Amino acid sequence: MSRRAAAAWSSFDDVRQKLRRRWTAGEFLRALARGEPWQPVALPLRAPTSAELAADFGAAQDWLSRWRQIDDTLVRLEWKTIGGRVIGTNTVPAKVVIERAEQLWRLLRVAGEVERFTVLLDRTHRAAPALAGWVADHPMKALAQADRWDRLVDTVRWIERYGGPDRYLRQVDVPGVDTKFIEQHRGVLAELLDRQLPPERVAAEHPPSRFVQRYRLRGKPAYVRLRSLDATPPAGLAPYRELTVRAEELAAVPIAATRVFVVENEITYLALPPVDGALAILGGGYAASALGAVPWLADRELVYWGDIDTHGFAILDRLRAVFPQARSMLMDRATLLAHRPHWGREASPVNAVLPALTPDESALYADLVADAFGPAVRLEQERIRFGQVEQALLSEAD
């Protein structure tokens with residue numbers, strides 16, 4: 001008989017490992033939490049066949065001896081008869097049965113965890129009944145959070161009672177809880193809040209990683225930095241030449257500029273030369289999306305100048321979706337080709353459909369996506385010769 005055949009015979013460790021996998025999957029605690037009646041657990045055993053018994057009776061006897069030594073207060077063995085004319089009949093264990101839950105807890109040495117879980121479940125039923133269902137569905141997750149469970153539940157209840165668009169996350173007032181705690185445990189908090197809050201309190205279009213938006217809390221305000229390109233600051237900005245204001249407040253005070261340039265790079269924004277009746281806004285990447293909260297920009301000549309790369313065109317597309325009149329500046333094929341020595345490489349290009357681009361912009365964007373000029377080519381706006389910038393601004397002013 002080969003060693004492989006003997007190795008295939010079930011051992012008590014094999015049984016324990018199978019049961020441990022089911023425990024780790026939460027099967028037993030899930031049934032306990034749901035109040036399901038205990039069902040004896042039966043596991044079939046791989047025992048020697050008649051041929052294997054005849055081929056190496058000594059090995060089979062050793063295997064059988066080990067099973068006879070198993071503590072019968074933990075499991076019950078069911079036996080079957082094998083053999084025949086050559087070796088006679090023999091009885092071997094065919095199945096392991098765990099009759100009671102307490103036997104399983106002892107066998108796996110998890111009685112303490114079971115007790116801890118039942119206490120946690122009972123407290124949850126009393127403090128936040130809606131969350132008891134989550135505990136029942138995810139018992140091992142709940143056990144992993146046992147040391148901080150009360151704080152998690154109290155945080156969920158505080159957000160339910162007091163959370164809303166007028167409350168920052170920093171205002172959550174629960175002993176032992178701060179914003180770091182919430183950030184560290186926002187995954188499980190999100191699962192609990194989805195259970196606890198009514199549907200209208202959950203913005204499901206936002207993932208749990210956008211915790212504030214998902215649970216309609218007060219978010220960090222969007223700020224807009226702007227400066228006058230006119231020597232005389234326009235009404236709404238005067239007496240200041242430059243300000244950083246909340247987008248919502250800027251929306252309420254239209255600025256009397258006829259033309260607005262949105263640029264991405266801070267030094268470029270600061271270095272823009274004078275332009276009569278014009279205003280410069282620092283876009284700061286996708287922060288340009290905040291301009292959608294400033295409706296009076298729809299009545300201005302709006303010019304966007306960003307990097308010539310896939311993200312630059314994605315920002316332009318997003319801005320133009322809100323302000324269809326927006327034009328691009330220095331984001332064309334000629335500008336790109338004229339600055340070949342200054343090309344860089346885009347770290348993580350996008351490849352999205354950008355319907356708001358013009359045909360020329362779309363063609364250049366498609367070439368960038370396809371690496372027609374080389375791998376992930378980009379031209380940052382601060383690398384464009386400043387004389388060309390001045391010429392473009394003069395052209396826009398005409």
Side-chain angles (χ1 to χ4, degrees), residues 220-308 311-313 315-332 334-335 338-339 342 356-358 360-361 379-398:
K220 181 180 177 180
Y223 288 91
V224 178
R225 183 177 174 184
L226 63 162
R227 75 179 188 92
S228 174
L229 298 182
D230 196 314
T232 303
L237 182 60
Y240 303 103
R241 293 288 304 278
E242 184 176 10
L243 285 175
T244 298
V245 298
R246 291 189 178 194
E248 61 193 42
E249 295 176 357
L250 183 62
V253 184
I255 295 178
T258 58
R259 186 180 292 107
V260 177
F261 294 92
V262 180
V263 298
E264 295 300 311
N265 178 262
E266 183 180 27
I267 295 299
T268 301
Y269 157 84
L270 293 171
L272 289 178
V275 179
D276 290 343
L279 190 69
I281 291 179
L282 181 60
Y286 284 91
S289 301
L291 300 181
V294 187
W296 53 262
L297 287 174
D299 300 323
R300 306 294 189 269
E301 294 181 40
L302 194 58
V303 180
Y304 176 76
W305 176 27
D307 298 332
I308 301 180
H311 283 278
F313 282 112
I315 296 169
L316 171 62
D317 178 84
R318 188 175 295 187
L319 183 66
R320 196 175 278 154
V322 182
F323 303 110
Q325 85 281 14
R327 304 193 309 274
S328 64
M329 183 181 81
L330 295 174
M331 295 180 69
D332 54 81
T335 300
H339 292 79
H342 300 285
L357 300 185
T358 67
D360 286 345
E361 292 163 352
L379 175 62
E380 296 170 280
Q381 63 179 187
E382 62 265 35
R383 294 183 176 273
I384 296 176
R385 292 178 54 199
F386 201 74
Q388 192 166 343
V389 175
E390 293 177 312
Q391 184 179 356
L393 285 172
L394 286 174
S395 176
E396 289 287 345
D398 290 340

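Bear in mind the structure is a predicted one, so any value in this text is a computation, not a measurement.
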Between Glu301 and Arg259, does any NZ, NE, NH1 or NH2 come within less than 4.0 Å of an OD or OE carboxylate oxygen? yes
Contact check, side chains of Asp276 and Thr258, non-hydrogen atoms, under 4.5 Å: no
Please examine the side chains of Leu237 and Leu243, heavy atoms only from C-beta on, and report whether any two atoms are closer than 4.5 Å. yes
Between Val253 and Trp296, is there a side-chain heavy-atom distance shorter than 4.5 Å? no
Considering non-hydrogen atoms only, spot the tightest contact between Ala293 and Ala251 and give its length. O-CB, 2.9 Å
Closest non-hydrogen atom pair, Ala321 against Ala356: N-CB, 4.4 Å
Hey, which of Leu279, Val322, Leu291 is the one that makes side chain to side chain contact (heavy atoms under 4.5 Å, CB included) with Leu297? Leu291
Could you give the distance from CZ (Phe323) to CG (Leu302), rounded to the nearest 0.5 Å? 6.5 Å
Strictly distance-based, threshold 3.5 Å: is any side-chain N or O of Tyr269 a donor or acceptor partner for the main-chain N or O of Arg227? yes
dist Met331:CE -> Asp307:CG (nearest 0.5 Å) comes out at 7.5 Å
I want to check something: taking the side chain as every heavy atom from C-beta on, are Pro233 and Pro239 in contact at a cut-off of under 4.5 Å? no
For Ala257 and Pro234 the tightest heavy-atom approach is N-CB, 4.4 Å
Just so I know, are the side chains of Asn265 and Glu380 near enough to count as touching, which here means a heavy-atom distance under 4.5 Å? no
Does Gln391 have any side-chain hydrogen bond (donor to acceptor under 3.5 Å, both in side chains) partners at least two apart in sequence or in another chain, and if so, which? none
Is Arg385 atom CZ crowded by more than 12 heavy atoms from other residues, nucleotides or ligands, each under 6.0 Å away? no
Measuring from atom CD of Glu390 to atom CG of Leu272, what distance do you get when rounded to the nearest 0.5 angstrom? 10.0 Å
Using the side-chain hydrogen bond (donor to acceptor under 3.5 Å, both in side chains) criterion, which residues pair with Thr358? Sequence neighbours excluded. Glu361
Identify the heavy atoms of Arg300 and Pro254 that sit nearest to each other, and give their distance. NH2-CB, 3.9 Å
If you take all heavy atoms of Ser228 and Asp230, which pair is closest and at what distance? OG-O, 2.9 Å
Tell me the closest heavy-atom pair linking Leu357 and Phe313, and the distance in Å. CD2-O, 3.7 Å
Any side-chain heavy atom of Pro273 sitting closer than 4.5 Å to one from Phe386? yes
Quick one: CD1 on Ile281 to CD1 on Ile255, what's the gap to the nearest 0.5 Å? 7.5 Å
Please report the interatomic distance CZ(Arg327) to CH2(Trp305), rounded to the nearest 0.5 Å. 15.0 Å
Between CZ of Arg383 and CD1 of Ile308, what distance do you get to the nearest 0.5 Å? 13.0 Å
Among Thr268, Val389, Leu330, Thr335, the one residue meeting side chain to side chain contact (heavy atoms under 4.5 Å, CB included) with Gln381: Thr268
